[in-house]
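The structure displayed is predicted, hence computed values, not measured ones. In what follows, every chain begins at residue 1, and chains take the letters A, B, ... in the order their sequences are listed.
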2 protein chains.
Amino acid sequence: MQGTNHDDLRRRNLSIILRLVHRSGAASRAQLTRLTGLNRSTIGALVAELVERGLVEERTPDPTKLAGRPSPIVAASDRVVALAVNPEIDAITVGVVALSGVVHRRIRFATSSSPTAAEAVAITAGIIDDLRNDLSEYSIIGIGIAVPGLVRAFDGLVRHAPHLGWVDEPLGDLLAAATGLPVVAANDASLGVTAERYFGAGQGMTDLIYLNGGSSGIGGGLVVGGVAAGGRAGYAGEFGHIRVSASGQKDSAGIAGTLEAEVTRDALLEVLGLRASETDADTLERALLASDSAAVHAEVARQLDFLAVALAGAVNVLNPQVIVLGGFLAALHAADPDRLSRAVAALSLGTAFDGVQIAPALLGSNLLLIGAAELAFEALLLDPQLDRGNTFALPALSARVAVSPASHPH
Amino acid sequence: MQGTNHDDLRRRNLSIILRLVHRSGAASRAQLTRLTGLNRSTIGALVAELVERGLVEERTPDPTKLAGRPSPIVAASDRVVALAVNPEIDAITVGVVALSGVVHRRIRFATSSSPTAAEAVAITAGIIDDLRNDLSEYSIIGIGIAVPGLVRAFDGLVRHAPHLGWVDEPLGDLLAAATGLPVVAANDASLGVTAERYFGAGQGMTDLIYLNGGSSGIGGGLVVGGVAAGGRAGYAGEFGHIRVSASGQKDSAGIAGTLEAEVTRDALLEVLGLRASETDADTLERALLASDSAAVHAEVARQLDFLAVALAGAVNVLNPQVIVLGGFLAALHAADPDRLSRAVAALSLGTAFDGVQIAPALLGSNLLLIGAAELAFEALLLDPQLDRGNTFALPALSARVAVSPASHPH
DNA sequence: GTGATACGTTGCCAGAGTCAACAAATCATC
DNA sequence: GATGATTTGTTGACTCTGGCAACGTATCAC
């Protein structure tokens, strides 16, 4: 129970303004006064401090049809960036994401085999070193890592990443030592929620459930009462291992009858006669929608009914506003949305399911980069007065490795 | 995203101090200084304001063995009270609970039949009117109602209380109109969590799950990341309707194979040969522990295994610090704690279950009164500067209806 | 009794947000 | 194109809050 003093007050107000322009996009000063309830002069002073610190920029006002003096637009800076890292079985992706939401660059480093933690650190540090030589005028806040596995929130230790074969790897510490930048790590699915919550299908929601279907299983995360649920040690969100069936079918953790054991991408690919290596999420969805095979419909129905058991349980316990489905679960849902809705309704309390939306994830391939960057930005958003000593050069957008200029909607 | 101004700052700090002494018990000024990080002079001023408002009292310091000037003890007032109301099928209970945690009075009004909402309001208002004639020197903050059913958080509308046969009853509004006091209502199980969280088995926990087994079903609530989960409309916590079995056994809501359908007090009473009307929670627990009947053991094992499915699901999704079991579920757990632990461990991810405690609820018969009072106190705790116009006389403790002086540990 | 220790009290100070008056920039109207 | 209405930024005086340091006070140990 920390008390609040004057410094905290200023910090809080700076934090609120920076969060607003970062999360909800650019806003005029007049809008900020209305949103925060603070005085015009206060907003002026706060924005001036943020400009001074290089965190936001003021643009000339949009031409509006209203009478009155135009209000300058306050926007999060493009020059303040976080580095987002996502190690996978066949590649390591590094993104440069700006506070404004723009994904400046996206570098994919393909690996011939699944990297060890040490290799992943070396490769990532190498990519970042390459970037540094090129960097100027940009301020790097820190590094966020999206790990496909269980990550201890406390210190970023990767407890278990089955897909990569990592156990108890101090990934965060290693990368911090190798780069000298602050590093934060979290489970990829929980970062998916973060991204969808702020910039995707969950915008403005305080209670949402997110389930992501990947090739190796089902993960997810949740936001409860406006707070991202981490749990005791950051392991919350493992929807894949909820029991939904009495069958003996085991999942990757050896538990029988779980969601992940019954609802799989591989089973869908098999009835469709598709190869995993050639099928991305969109292809799968198109194939499911195009198919008129009875076997496909039966498999879709079977999987949807099991998914409904898990979702209904979550609805009863959490009474969310929205359930966001990503990965192949989005495709599965798209194949027969009504069946899923009806099945969840049948298995949950009417009052609790009342008004719950089931929606596909909106952010595509940038999902994890945005989520990981958000993780790295958090420290800055909490305290915009933090001294950030790490500023590196990054001239224009002439990348050395591989450039994917991209952005996500605000 | 509300900004914070000077008034908010003061309010926050007053709120923090009042919460501390209310929730964690009396503390010396010196302790408050350390806990809040605020300056000694600030604490002095804040405590003085709270004393001025009659919310806290300063007592002479405890004799301590330390050198130095003794620090006055700051304690929440006994004279500031909330009225807690709990309508049930055969009685309406009203409690007078002080900010200090003392339950001054407890009045149980037995009804010959299950009361309608209007009757419940009339009876409650009558009891409160009787109290008012007697009241002096006490300040009544408001009324909190613990309703055995679904309550819409928004306005306290009782959507559905199956046990009482109520549907869409504006209980809160009616009682507010009848008494002129502010009224807040919530689901009884979710108030149970509140009580256990602050004063019982969940003290200091930020992630806890609470399941309560009652005669008519299983309800519960959860705290996620330090926030009580209400959900979109306050219906969160319905653990009873989670599916745990493939059987066709239906629960009160008509859903098959749910926790509430498989795990029931009645089934335990039946194998024990006990009558519901004569068996309270303690009796049930003693009978279960004393029994050496194979049928009883089998039924206990069957129910524990189903309970484990629900708990494992919750563990995987929420990664809590503690699972608190109340009502007959506490008795069930006590009958074979190891079996439950092992079964939950087998059905959940090792990392997520690691360190999770399963504990019985600590607060007994005062649970709901304390939870309901806490609900009513919340407005005051949020803003100790709130003008409270409602002060009524209450001379000594000479009750007119039925008095149960009692208190709960702090 | 004396010193050490811990804590409350007091008066002064700095910092943050508020307020009101004024200036500036736009639109609508004549 | 001048005028007024409207909205908003700017400025300086003001208020309130917590911090700080010096001082006073109450206890313990010797």
Side-chain angles (χ1 to χ4, degrees), chain A residues 1-18 26-53 56-75 383-385, chain B residues 1-18 20-21 26-53 56-75 383-385:
Chain A
M1 289 278 228
Q2 273 296 107
T4 313
N5 62 22
H6 258 157
D7 291 348
D8 298 332
L9 178 61
R10 190 64 189 269
R11 199 175 313 150
R12 263 180 82 84
N13 285 339
L14 286 171
S15 168
I16 285 168
I17 293 179
L18 191 57
S28 72
R29 284 210 207 172
Q31 283 176 300
L32 291 176
T33 56
R34 280 189 291 268
L35 287 167
T36 59
L38 296 171
N39 194 282
R40 285 198 300 232
S41 27
T42 308
I43 292 292
L46 291 170
V47 169
E49 178 166 349
L50 291 175
V51 169
E52 171 93 8
R53 291 178 180 279
V56 305
E57 286 155 8
E58 286 198 287
R59 292 201 306 256
T60 50
D62 289 331
T64 129
K65 269 100 210 171
L66 290 166
R69 179 173 177 175
S71 192
I73 304 294
V74 182
D383 182 4
Q385 296 180 319
Chain B
M1 290 277 231
Q2 274 295 108
T4 313
N5 62 21
H6 265 157
D7 290 350
D8 298 331
L9 179 61
R10 187 62 181 246
R11 198 176 311 149
R12 265 180 80 85
N13 285 340
L14 287 171
S15 168
I16 285 169
I17 293 179
L18 191 57
L20 272 173
V21 298
S28 73
R29 284 210 207 173
Q31 283 176 299
L32 291 176
T33 308
R34 281 188 290 269
L35 286 168
T36 59
L38 295 172
N39 193 281
R40 284 196 301 224
S41 36
T42 308
I43 292 292
L46 292 170
V47 169
E49 178 166 351
L50 291 175
V51 169
E52 172 92 7
R53 291 178 180 278
V56 305
E57 287 155 8
E58 284 199 286
R59 292 202 305 255
T60 50
D62 288 331
T64 131
K65 269 100 211 172
L66 290 167
R69 179 174 176 176
S71 192
I73 305 294
V74 181
D383 182 5
Q385 297 180 319

Next on the checklist: Contact between B:Gln2 and A:Ile16 at the side-chain level, heavy atoms closer than 4.5 Å - yes or no?
Outcome noted: no
Checklist entry - Given atom CD1 of B:Ile43 and atom C1' of C:dG8, what is their separation to the nearest angstrom? => result 12 Å
Next on the checklist: Quick check on D:dG18: is either OP1 or OP2 less than 4.0 Å from any side-chain nitrogen or oxygen of B:Arg10?
Outcome noted: yes
Next on the checklist: How many whole angstroms separate atom CD of A:Gln31 from atom C1' of D:dG9?
Outcome noted: 16 Å
Next on the checklist: When you measure from the side-chain N and O atoms of A:Arg29 to the phosphate of D:dT10, is any distance below 4.0 Å, counting only OP1 and OP2?
Outcome noted: yes
Item to check | Short side-chain N/O contact to D:dT7 OP1/OP2 from A:Arg34, under 4.0 Å | outcome: no
Checklist entry - If only side-chain N and O atoms of A:Thr42 are considered, is one of them under 4.0 Å from the OP1 or OP2 phosphate oxygen of C:dT18? => result yes
Checklist entry - Any side-chain N or O of B:Ser71 under 4.0 Å from OP1/OP2 of C:dG8? => result yes
Next on the checklist: So if I take every side-chain heavy atom of B:Leu46 and compare against C:dC7, D:dG18, C:dA16, which nucleotide ends up nearest?
Outcome noted: D:dG18
Checklist entry - Taking CZ from B:Arg69 and C1' from C:dT5, how many angstroms apart are they, rounded to a whole number? => result 13 Å
Next on the checklist: By nearest heavy atom, map A:Gly37 and B:Ser28 onto DNA chain C; which one lands nearer the 5' end?
Outcome noted: B:Ser28
Item to check | Rounded distance (Å) that lies between atom P of D:dG9 and atom CD of A:Glu58 | outcome: 9 Å
Next on the checklist: So, under a plain 3.5 Å distance rule, would you say the side chain of B:Ser41 forms a donor-acceptor pair with the base of D:dC20?
Outcome noted: yes
Checklist entry - Is there a side-chain polar atom (N or O) of A:Asn39 under 4.0 Å from OP1 or OP2 of C:dG17? => result no
Item to check | Side-chain N or O of B:Asn5 closer than 4.0 Å to phosphate OP1/OP2 of C:dT18 | outcome: yes
Item to check | First encountered from the 5' end of DNA chain C, between A:Asn13 and A:Pro61 | outcome: A:Asn13
Checklist entry - CG of B:Leu14 versus C1' of D:dC16: gap in Å, rounded? => result 13 Å
Checklist entry - Within this structure, what is the CG-to-C1' distance between B:Leu38 and C:dT9, rounded to whole angstrom? => result 17 Å
